[in-house]
Structures are given as structure tokens and as C-alpha cells.
Amino acid sequence: MSNATEHPNEIRPVRQSFCRSLRRDTHWKCLILTLLIYASLGIIAWCRLTTVTMLAYNYRSIPVPIVGSPCDDGYIYIPIAFLILIYMVYLIECWHCHTRVELQYKEDVSVVYDMLQRMREAYPVVWWRAICYHYVRRTRQVTRYRNGDAYTTTQEYYERVNTHSALGAFDFSDCGVKDISRDIVALEDYPATKIKFTKSFIFANEEAENDYLAQRSRFFGENEGRDDYMETREGMNLSDLDFKEHMITFAESNSLPWYVSLILFWSLSICLLSWPLRVFIEYKTAYVHYQIEKLFGTNYSTYSSMENWNGSIQLPRDITVTSSRSLELRIRNNHHIVPSYSEALLMDAANGNVLRHSASSRSNMANGNAVAIAQPEEDDEDDDDDDCDETSPIIEAHRNETRMQENGVVLNNIPDDSPPAYDVALNMMMIPLRQAGGDEYCTVPIETSL
């Protein structure tokens, strides 16, 4: 049987092999108790059926051989008492095993489908709980024994005292929420299916995550100063729904398989065959893990196709990172390499990049204008795809002056016979990276050897 799903939005139950079913649930308690009972029965049978030859002495001190049981002196009652005790523990374990509970509380397929629909329609409640407490030192009188004599001493201990408890929840009215859980299909194709339910929530964009973290931080910040210590708890519930973590369903509740019966279960358990029956039921049962997923952030316009989004499609990272505080996209699209001091003064002539330090350029730098990097004429025909004109050797003076002033670069009082400082040359090269927005600007690609 293939465990692959036919559709990415669907999930199907899977029937495992015999070895995998044993690995999933070995029922080791029942197995150990059964083996102990069989061992006790074997010892009792050995005491009854085995005969040994013993030597007895008469009144004349003459050895006389006697044939008898090795447990004639009452030793046989030890395995009998052990057998009764282990058998009682075995019956208690059979009463509390989850196989019996699942056979007693079984559900029909239609009931499970209705439960799944209510889980998907229920609103999530992401809650936080803060418990403030401190420790109090107390004393008590205890009795100790030394050399058979009892004496009383005072013992100090610390006791926790809870002074404040608060409960909060995430308000998602602004960001919105959507259920992106997958659909379970083909439950009726298996005689019995075990379903494990889990809950989770994710964020569609950074705005929703920041909203959640801000509310969470504000809640714990309001309660952390109420006492010396604070215990934090958080989780997720579904509103107006009695959530069950495990559920077993049968394809036809009116005509169950022959092995699904409480009468058969107890009959075989009394005969010490509970473990084989449990292993057989596990082998015949299919399994599926269903996760309830809630998506926060559907009201934000970060992701335009949010109504078509589902759990099988992963959100691109460049969509989830759209905050103005992040420079990831700007750094990713930047092709500049930070030059060293010598490279800023004199670029590699083989690459066609020459930094001009003539008197005219130094005068322009002194007036607050940036010096552009000239491109070789033979490379002009390869740069037709650029967004701005790189054939001009100098960028417009007033735009460079504005950018240099915004970046705090001061180029006054530069001697004509001295090269520019490293921070000045670096700022000229990295002006486009420091712009957070505004008009279009022209960048000249710079390649240097590191």
C-alpha cells in the first residue's frame, strides 16, 4: 500500500507493516507480565512433575534413598503466591490499556468528518499565562534517629508562594486568521483508523508576527514586576470545541471486524492471550496524523494571493521580509564590493576602473561633489541592460552633493597634493547602498580583487 498522497492538500491513512506496528507500540508491560505468569506456571509444573532422589537417615544412622518432589517442604507455595500476585497485576493492566478504551469509545466515519469540519471552522485562542511567586523560608520540627534513640531537631525549608496569576490571549482582529489545514480522505477504506490530532499556528508575513510578539511582550512585561519570580505558560486552544488528541474510527460501526469486541478481548485476556490480540489489532489498524493549522496575517496586503495559499506552498522569504527595518533585499541586489584603502585610491587598470585624483577632481571633492568612476569605452556595448546611463563619466553634481550631505560626508579643506581619506573614498563608493528610498539613482558596478 502506498502512503503517498494523491493531492498536496489531502492526507490519507497508512497501514503499517507488522514490524513497524510492533515498533510503534510494543505493549511491553503486558508482554513482561505474561512472560512472568508463564514462568510461574512452569515452576509450579516442575515442582509437581519432577521427582528427585534424596537420602534420609534412620534411627540407626543408615542412609535410606527416598524418591519425592523437590518442593515437598512447602516451597511450592512461593511460586503459587507469586503467580496470584502477577495475575492480578496483569488483569489491572488489561483494564487500563488503551486498546480496551479505544474499543469502548469508537466513532463512526461521519462523526469524525463532522469533528474535522468543526475544528477547521473554530477560531484559535493563542493564550499566555503568567504566575508570579516568591519563596518563603519556614521551619518545622522533625524527628530523627541515632543509635536507636529518637531526638527532635529543627529543619529549615523553602516554600513557594504564588501571589499573582494573569491570563491573556492574542488579539488577531487586525491581522486576520485563516484555516489552512489539509483534508483527510479515504477513512472509509480501512476497517479501523487511529487519528492523532495536533494544533499549530503560523504567520503569513512579518507584520502579523510582529503584532503577535508585541502583544506577548507587553503582556509578560506588565506582570513580570509583580513579584520576585514569574512562571510563563503559553498554548493554543480551539474555541467552543472539546479537543481530543486521539480518536479511533471504524468504516462501518454497525458491522465491526471480528477482533473488535470487548467480549473477545476479555476472554483472551483471561486466557493470557491479551498481548497477541493487541499486536494483531495494531497491525490491522491504519494511522494518520492530522494537524490543525491556523494562518495569521490574511488582512495584510503583503501577500496578494493569500486566498489561494495553503499548507503545501511555502511562502518565499523575500515576501515575508518586507519591513523597512530589514536591508536583506537591498543587500541582496547590491553588487558593490567594499574596497580597501589602496583599491579606493587606485582601481585595477586591467578591469577598466580608474579612480581619478586629478586637480579638477580634488577641487570637486572640496566643493562637496562626488567623483564618478569612468567606464572603458569597449564595455559600453555590454551594458545595454542597465537601468541608468553609465556612459557619462560624472554623475550630476547636485545629486551627489545632496547624497554626500545626507550621509554626513565632509570634504572641505582637502590638500591638493594628498589623497582622500579612506572614509571619504568609501562613502563615495557606497552611497547607493545607504539610500533607504527616494529618487532613482545611477550606480556604477565596481569589481575589485580581494
Side-chain angles (χ1 to χ4, degrees), residues 3-14 112-130 167-185 187 194-221 232-247 287-329 331-332:
N3 57 358
T5 59
E6 297 180 357
H7 195 274
N9 292 335
E10 295 179 354
I11 181 173
R12 292 176 174 269
V14 177
V112 175
Y113 280 136
D114 181 68
M115 174 68 69
L116 294 177
Q117 186 63 28
R118 288 191 287 124
M119 287 182 180
R120 300 187 64 173
E121 295 176 355
Y123 282 99
V125 180
V126 183
W127 54 270
W128 314 297
R129 187 175 185 85
L167 186 65
F170 174 46
D171 184 10
F172 53 86
S173 57
D174 294 335
C175 65
V177 65
K178 176 186 177 182
D179 184 87
I180 57 173
S181 306
R182 294 190 290 177
D183 299 328
I184 293 184
V185 295
L187 288 178
K194 284 185 179 181
I195 309 175
K196 179 182 179 181
F197 296 100
T198 55
K199 301 169 290 185
S200 66
F201 62 93
I202 58 177
F203 302 99
N205 41 54
E206 190 178 359
E207 287 82 356
E209 183 179 6
N210 291 338
D211 191 10
Y212 169 80
L213 294 177
Q215 295 186 30
R216 180 178 179 273
S217 178
R218 182 169 59 252
F219 171 77
F220 289 122
T232 60
R233 301 175 184 175
E234 54 187 331
M236 173 184 168
N237 296 333
L238 298 177
S239 61
D240 301 331
L241 184 66
D242 184 14
F243 183 79
K244 296 181 180 179
E245 187 175 355
H246 296 277
M247 185 178 295
Y287 290 87
V288 61
H289 179 201
Y290 187 75
Q291 186 172 13
I292 304 295
E293 291 182 312
K294 303 296 181 177
L295 178 70
F296 293 107
T298 56
N299 291 345
Y300 295 129
S301 59
T302 304
Y303 198 74
S304 58
S305 60
M306 185 61 66
E307 62 274 4
N308 299 325
W309 191 84
N310 52 67
S312 62
I313 304 176
Q314 297 296 331
L315 283 177
R317 178 167 173 79
D318 56 352
I319 295 179
T320 58
V321 184
T322 57
S323 176
S324 59
R325 295 174 296 175
S326 177
L327 293 177
E328 181 173 346
L329 294 178
I331 294 175
R332 182 185 301 175

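Remember, predicted model here, so these are calculated numbers, not experimental data.
The distance from the NE2 atom of H246 to the NZ atom of K194 is 9.0 Å, given to the nearest 0.5 Å. One finds the CZ atom of F201 at 14.5 Å from the CG atom of D179 (value rounded to the nearest 0.5 Å). With rounding to the nearest 0.5 angstrom, the CZ atom of R120 is 10.0 Å from the CD1 atom of I180. R12 CZ to I184 CD1: the interatomic distance, rounded to the nearest 0.5 Å, is 11.5 Å. To the nearest 0.5 Å, the span separating CE on M236 from CZ on F243 amounts to 8.5 Å. To the nearest 0.5 Å, atoms OH (Y123) and CD (E121) are separated by 10.0 Å.
Nearest heavy-atom pair, F197 versus M247, reported as atom, atom and distance to 0.1 Å: CE1-CB, 3.9 Å. When all heavy atoms are compared, the tightest approach of G297 to A208 is CA-CB, 3.6 Å. The shortest non-hydrogen separation linking V185 to P13 is O-CD, 3.2 Å. The two atoms that bring F172 and P124 nearest to each other are CE2-O, 3.3 Å, heavy atoms only.
Of the charged side-chain nitrogens involved, at least one lies within less than 4.0 Å of a carboxylate oxygen, so that R216 and E234 count as a salt-bridged pair.
A distance of 6.0 Å or more separates the ring centres of F219 and W127. Centroid-to-centroid, the aromatic rings of F296 and F170 come within less than 6.0 Å.
Looking only at atom types and distance, the side chain of Q215 has a donor-acceptor partner in the side chain of D211 under 3.5 Å away.
Residues T198 and H289 meet the side-chain proximity criterion, which asks for heavy atoms closer than 4.5 Å. Side chains of I11 and D183 form no contact here, defined as non-hydrogen atoms less than 4.5 Å apart. Looking at heavy atoms from C-beta onward, V125 lies out of side-chain contact with L238 at the 4.5 angstrom threshold.
Between the Y300 side chain and the G176 main chain, no donor and acceptor come within less than 3.5 Å of each other. A side-chain donor-acceptor contact under 3.5 Å links S181 to the backbone of E293.
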